[in-house]
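As structure tokens, the structure follows; a few thoughts come after it.
A, B, ... follow the sequence lines: proteins, then strands. Residue 1 opens every chain.
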Amino acid sequence: MIYFNNVTKVYNKDLVALDDVTLTVSPGEFVSVVGHSGAGKTTLVKMILAEDTPSSGTVFFESTNVHKLKSHDLTKLRRRIGVVFQDFKLLTNKTAYENIAFAMEAVGKSDQEIASDVPHVLELVDLGSRTYHFPHQMSGGEKQRLAIARAIINQPELIIADEPTGNLDPINTYEVVQILKKINDLGTTVILTTHNRGVIDSVGKRVITMEKGKIIRDDKEGKYVI
Amino acid sequence: MIPLKRIIKSGFVNFRRNGVVSWAAVLVTTITLSVITALILLQAVLHFSLDQIKNKVDVTIYFNVKAPEDRILALKNSLVKLPEVAEVSYTTAEDALKDFRLRHQNDYPTIQALDEIKDNPLGGYLNVKAKEISQYETIANFLKSNNTLVSGSASIIDKVNYYQNKLVIDRLNSIISGAQKLGFLITLILVVISIIITFNTIRLTIFFSKEEIGIMRLVGASKMGIRGPFMIEGAIYGIVASLITMLLFWPVTAWLGRSMTGFLGINMRDYYYSNLVQIFAIILFSGILLGIISSVFAIRKYLNQ
């Protein structure tokens with residue numbers, strides 16, 4: 001599904017964020033990417049979303065080189081990927097309902113579909129009582145659950161969760177990981193970046209360990225080993 | 001295709017939720033539109049004053065006492081046909097005498113002298129008004145050439161006062177065209193300055209949404225889906241600001257009409273009321289255009305990131 005071919009990313013001539021990374025992610029996999037801060041985890045996921053361009057190498061989403069896409073086609077690609085960030089990246093000016101509705105509007109869903117699906121997904125992440133609240137009226141855990149609801153609403157083929165538990169307490173962390181596992185069980189590919197040992201050990205699936213921009217381990221049923 | 005209804009609704013919701021930021025943009029747009037409205041009114045005063053001056057300028061052709069009326073009328077007809085001529089009025093010798101008597105009715109020696117002569121010592125005259133002040137010279141030149149054509153060797157024209165007033169007319173002409181050019185230049189500079197200020201304010205309001213625009217792009221929103229509500233918001237700034245501007249100028253022009261008509265030479269209140277629709281159309285159009293274009297330019301930078 002995702003193919004990194006000898007991808008290198010160098011910032012400001014001497015800061016190597018990715019160093020000759022070659023990697024394949026198959027459909028339906030749950031892949032955890034671990035490493036210290038600055039190991040290159042976020043750069044790796046930014047490459048998939050074409051938020052950043054590689055200095056050399058190619059990144060394919062199925063048969064498409066994501067960095068060769070025109071703006072319009074890139075928009076279409078991003079609609080097939082749900083993204084969850086550490087800092088939630090919610091639209092602060094919109095309510096919980098509108099944040100999810102916006103993602104549905106982006107893919108051209110009708111008002112009827114939006115009206116029937118949004119309450120359903122909010123219930124799914126236990127935010128039914130927060131429908132008309134703005135992000136600043138929610139706790140960190142609620143914001144992250146809202147971000148996950150937004151990421152899954154259009155049934156994407158891939159969910160990228162970049163440090164989704166970084167700002168959460170252990171209980172909320174556990175809840176978020178459980179939701180991601182459930183999404184994966186339903187067939188969606190999940191790429192999770194984290195440096196939380198507990199999260200990795202509780203997932204018990206493929207673990208890619210990064211250090212200084214390089215992949216140093218790739219274990220099928222790995223644990224957090226650094 | 002994104003339904004227009006969604007974009008419009010989203011624009012209105014954003015306008016309402018942005019609160020102080022929206023009203024700051026409306027305030028600055030109102031200032032710009034007020035400058036434009038004030039300039040429209042000033043232009044009206046300038047044009048009115050210049051028209052008044054222009055109307056005071058004319059050329060009078062005085063005829064000899066014995067000039068036959070048919071030749072005078074023939075000259076009048078050929079003058080009327082000139083494209084530069086706006087109006088020609090003919091005063092007969094008898095009317096000229098009547099006017100003279102009326103003007104000097106308290107001046108007994110002059111009236112007495114006139115009575116002594118018995119015959120009418122005054123000739124008829126044609127009063128010519130050109131469409132533009134600069135055209136008097138063309139008319140004067142026409143008279144020079146046509147004079148011989150109409151009356152043969154014996155000229156029926158006694159004198160044309162253009163030559164006496166030439167210096168004043170030329171001077172007035174250059175003052176008027178200078179005033180018009182200056183007025184236009186000042187208008188242009190003020191409008192450009194106001195537009196730049198408004199543009200920067202709207203850019204600032206969109207700068208606050210910079211992160212949101214990035215998130216929208218990540219969620220997969222199309223460029224138009226993101227840009228549209230901002231354009232609507234910009235248009236709302238323009239609409240609200242133009243309504244406020246119209247309301248502001250209501251008491252201002254009423255006061256000007258009441259207190260400054262003598263000084264300005266034109267009743268501002270009457271002018272404002274009678275041109276209300278046109279003025280509103282101009283500032284509404286300017287406001288909406290300014291809001292939309294500023295938004296489009298401001299957002300372009302973040303959309304392409």
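Nearest heavy-atom pair, B:Leu218 versus A:Arg78, reported as atom, atom and distance to 0.1 Å: O-CB, 3.9 Å. In terms of heavy atoms, B:Arg6 sits closest to A:Asp111 at NH2-OD1, 2.9 Å. Nearest heavy-atom pair, B:Ala221 versus A:Ala106, reported as atom, atom and distance to 0.1 Å: CA-CB, 3.6 Å. Nearest heavy-atom pair, A:Leu91 versus B:Glu212, reported as atom, atom and distance to 0.1 Å: C-OE2, 3.4 Å.
Both the backbone and the side chain of A:Lys94 come within less than 4.5 Å of a heavy atom in chain B. Contacts between A:Leu74 and chain B at a heavy-atom distance below 4.5 Å are absent for every atom of the residue. Looking at A:Ile153, there are no atoms closer than 4.5 Å to chain B (heavy atoms on both sides), in backbone or side chain. Heavy atoms of B:Ser209 lying under 4.5 Å from chain A are absent altogether.
Using a 3.5 Å distance cut-off with no hydrogens or angles, the side chains of B:Arg217 and A:Ser71 do pair a donor with an acceptor. The closest side-chain donor-acceptor pair between A:Asn93 and B:Asn18 falls under 3.5 angstrom.
Contact count versus chain B (heavy atoms, under 4.5 Å) is highest, among A:Val107, A:Val83, A:Thr92, A:Leu49, for A:Thr92. Ranked by heavy-atom pairs under 4.5 Å with chain B, the first of A:Glu98, A:Arg150, A:Lys89 is A:Lys89.
Annotation: the span from A:Phe88 atom CZ to B:Ile215 atom CD1 amounts to 11.5 Å, rounded to 0.5 Å.
Within 6.0 Å of OH on A:Tyr11 lie more than 12 heavy atoms contributed by other residues, nucleotides or ligands. Remark: B:Gln43 CD is packed, more than 12 non-hydrogen atoms of other residues, nucleotides or ligands lying under 6.0 Å away. In this structure, B:Lys9 places its NZ atom where only 12 or fewer heavy-atom neighbours from other residues, nucleotides or ligands lie under 6.0 Å away. Around NE2 of A:His133, the count of heavy atoms belonging to other residues, nucleotides or ligands within 6.0 Å exceeds 12. Other residues, nucleotides and ligands contribute at most 12 non-hydrogen atoms within 6.0 Å of the CZ atom of B:Phe184. For A:His136, the NE2 atom sits in a packed shell: over 12 heavy atoms of surrounding residues, nucleotides or ligands are nearer than 6.0 Å. Around CZ of B:Phe207, the count of heavy atoms belonging to other residues, nucleotides or ligands within 6.0 Å does not exceed 12. Sparse packing is recorded around CD of A:Gln155, with 12 or fewer heavy atoms of other residues, nucleotides or ligands lying under 6.0 Å away.
Taking 4.5 Å as the limit, every side-chain heavy atom of A:Lys76 sits out of range of all side-chain heavy atoms of B:Ser222.
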